[in-house]
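Have a look at the structure below before the remarks.
Position 1 is the first residue of the sequence, and the numbers go up from there. What you see is a predicted model, and the numbers here were worked out from it, not measured in a lab.
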Amino acid sequence: MYKKFVVIFFILLFNNIFSQNPDKQIQSVVNKIYNFNFSKASTELDNFSEKYPNDHRAYYYKSLMNLWFYLGSLDEAYKDSFEVCSDRAREILEKQNNEEKSEAVKKLFWLGMIDYNSSVASARANDFASAIIHLKNMRNRLEEAVSIEPEFYDAYLPLGLSNFAFAEVPAALKWAANLVGFNSDRELGLQYLQLVSDKGNILKTDAQFYLSQIYSRVIIEHQEADKILIKLTKNFPKNLLFNYSAAWIKYELNDLSSSEKIFRNILASDGKNFSYIVSNSHLFLANIFFARELYDSALVQYQSFREKRINNDYLGFSNFRTAICYELLGNRNQAVKFFERSDEGNTDLDEDIYAEKFGKIFISKPISEDFKIVLNSRNLIKQKKFSEAEEILISIITDKKYSNKVKSESYQLLSEISLNKKNYEAALDYASQSFKFNNSNDNTITAFSSYKAALALVNLNKSSEAIKFLDRIEELYDFDFQTSLKNKAYSLRRKILKATD
């Protein structure tokens, strides 16, 4: 009996010690936030703030949750709640008198994080002046923190993100950054992110996620992004943002089945505070059905996207794809209605720019047989049905009835198939043939064939020749999907330069 009492006593003592450790309690809450268990996290933060009224972290993480809700829904009420909680966390921090070096560094870090989060909220609200001021404050605080304690690795994440982000800022906004002395260095930003991903504590998961996004969309290394996201979704299976990103990268890797499964799981979950993820999951499901040429199913999902979207991102593209579906299903009247709406998207996005351009063309004339056969080939490649696509494309280049422009596009797609098959000599030859048949000097064909030629040459250990093709892409403007292709070209050039260092 006595032994049993001792065991119970030590269990209770251990639980009591554990419950009194604020760091462990906060980490438990953070794990729930990452796993999208917001209700339980919110309750625990309320309890935490009652127990530790002078600990800013309860309000900081409340602010973070509200920021996520605002970014996911654009509901201004969440932005207001974010600001209230941020202000309260800041007040608590500013009252602290931190004489010890370690505590002073932590204070600078948390104040810097509040500024960083405020900059994100301001940028999402299109208040770029406020965003830049918050970023400047963040940099001042965190640069001071790492000057005191260089091994406080978490502080490097916002510094890295700001370096990377401002390297991508459009020229029209760079003046504002320069006005406050805001320099940027994309490579330094990436090094900082990798540092936090490897050695961080508080922001390690965040750093890994941001790295996956950069590998997905800027430094195009989809396989690396996939590795990171597989780990993140395993650790936090209910995190819709991690799952959405994983599904997106599977789509880019042409793994349509895996992508569809994840997007369907997202739609089956409770995503009430994340309308953007939910609506875009419908959009990608539509794109998957479109690639499989299941146009009736695609139409249903494009409609769901339009009904649930929170802004105009990809609206023009959705309308354009809807029009194509109707056209291929034989309903020209409905197709024209949606071609006329192909200009409703966000003109900063490649997809919406493309939709507006071709929507105007197809309003006045039906899509051609040339367009249809090339589209069919692209869809087969997206499904990884390379042999079927190859057969169609070879029939095009050997048939005199097809124009040189269509043959040029066909050679380009044959080059893509050869790259997928790792037949780099053939890929280079097909890219060269694409240039030869591009009599109209179409910049889109030139740019994409140049990239495929460069990719083939890199794999043939002819990097100096590859650079020449990448230089050609850099000199070109006004071609379709310009942003994404120039990012791919940048990534390939970076790979070449790293190999020669």
Across all chains, not counting sequence neighbours, the ring pair (Phe, Tyr, Trp, His ring centres under 6.0 Å) partners of Tyr302 are none
Give a yes/no verdict on a cation-pi contact between Lys382 and Tyr251, requiring under 6.0 Å between NZ or CZ and the six-membered ring centre and an angle within 45° of the axis.
yes
Under a 3.5 Å cutoff, is there a donor and acceptor pairing between the side chains of Thr446 and Asn438?
yes
Partners passing ring pair (Phe, Tyr, Trp, His ring centres under 6.0 Å) against Tyr192 (at least two apart in sequence or in another chain)
Tyr156
Ring pair (Phe, Tyr, Trp, His ring centres under 6.0 Å) partners of Tyr424, counting only residues at least two apart:
none
For Arg306 and Thr322, test the side chains for any donor-to-acceptor distance below 3.5 angstrom and give the result as yes or no.
yes
Assess, by modelled atom type and distance only, whether the side chains of Asn287 and Arg321 contain a donor and an acceptor separated by less than 3.5 Å.
yes
Is the CG atom of Asp399 crowded by more than 12 outside heavy atoms at less than 6.0 Å?
yes
Residues in salt bridge (Lys or Arg N to Asp or Glu O under 4.0 Å) with Glu252, at least two apart?
none
With no hydrogens and no angle check, do the side chains of Ser434 and Ser408 hold a donor and an acceptor under 3.5 Å apart?
yes
Just jot down the ring pair (Phe, Tyr, Trp, His ring centres under 6.0 Å) partners of Phe69, sequence neighbours excluded, or say none.
Phe38, Tyr78, Phe274
Between Glu307 and Gln303, a side-chain donor and acceptor under 3.5 Å
yes
Looking at every non-hydrogen atom in both residues, tell me the closest pair between Ser212 and Leu229 and how far apart they are.
OG-CD2, 3.6 Å
So, Phe290 versus Tyr295, ring centres under 6.0 angstrom or not?
yes
Applying side-chain hydrogen bond (donor to acceptor under 3.5 Å, both in side chains), name anything that partners Lys385, two or more places apart in sequence or on another chain.
Gln383
Looking only at side-chain N and O atoms, does Asp478 offer a donor or acceptor that is under 3.5 Å from a partner on Asn443?
no
Looking only at the aromatic ring of each residue, does the gap between the centers of Tyr70 and Phe82 stay below 6.0 angstrom?
no
Which residues share a salt bridge (Lys or Arg N to Asp or Glu O under 4.0 Å) with Asp442, sequence neighbours left out:
Lys405
Side chains of Ser449 and Gln412: donor-acceptor distance under 3.5 Å anywhere?
yes
For Lys486, I'd like to know if atom NZ has over 12 heavy atoms of other residues, nucleotides or ligands within 6.0 Å.
yes
No-hydrogen, no-angle side-chain donor-acceptor test under 3.5 Å, Asn376 and Glu293:
yes
Residues that Lys79 engages under salt bridge (Lys or Arg N to Asp or Glu O under 4.0 Å), provided they are two or more places apart
Glu83
Does Lys204 make a cation-pi contact with Phe209, if we ask for NZ or CZ under 6.0 Å from the ring centre and within 45° of the axis?
no
Just distance, no hydrogens or angles: give the donor-acceptor pairs under 3.5 Å from side chains in residues 387-396, sequence neighbours left out.
{"unit_1": "Glu390", "atom_1": "OE1", "unit_2": "Lys421", "atom_2": "NZ", "d": "3.0"}
{"unit_1": "Ser395", "atom_1": "OG", "unit_2": "Ile392", "atom_2": "O", "d": "2.5"}

Which pairs count as ring-ring contact (aromatic ring centres under 6.0 Å, His included) when at least one residue sits in residues 354-390, sequence neighbours excluded?
Phe320-Tyr354, Phe339-Phe362, Tyr354-Phe358, Tyr354-Phe481, Phe362-Phe371
Under the salt bridge (Lys or Arg N to Asp or Glu O under 4.0 Å) rule, collect the residues that match up with Glu369, sequence neighbours excluded.
Lys372
Test side-chain hydrogen bond (donor to acceptor under 3.5 Å, both in side chains) applied to Tyr34 - qualifying residues, sequence neighbours left out:
Asp206
With a 4.0 Å cut-off on N to O distance, would you call Arg493 and Asp471 a salt bridge?
yes
When you check the side-chain N and O atoms of Asn420 and Glu416, is any donor under 3.5 Å from an acceptor?
no
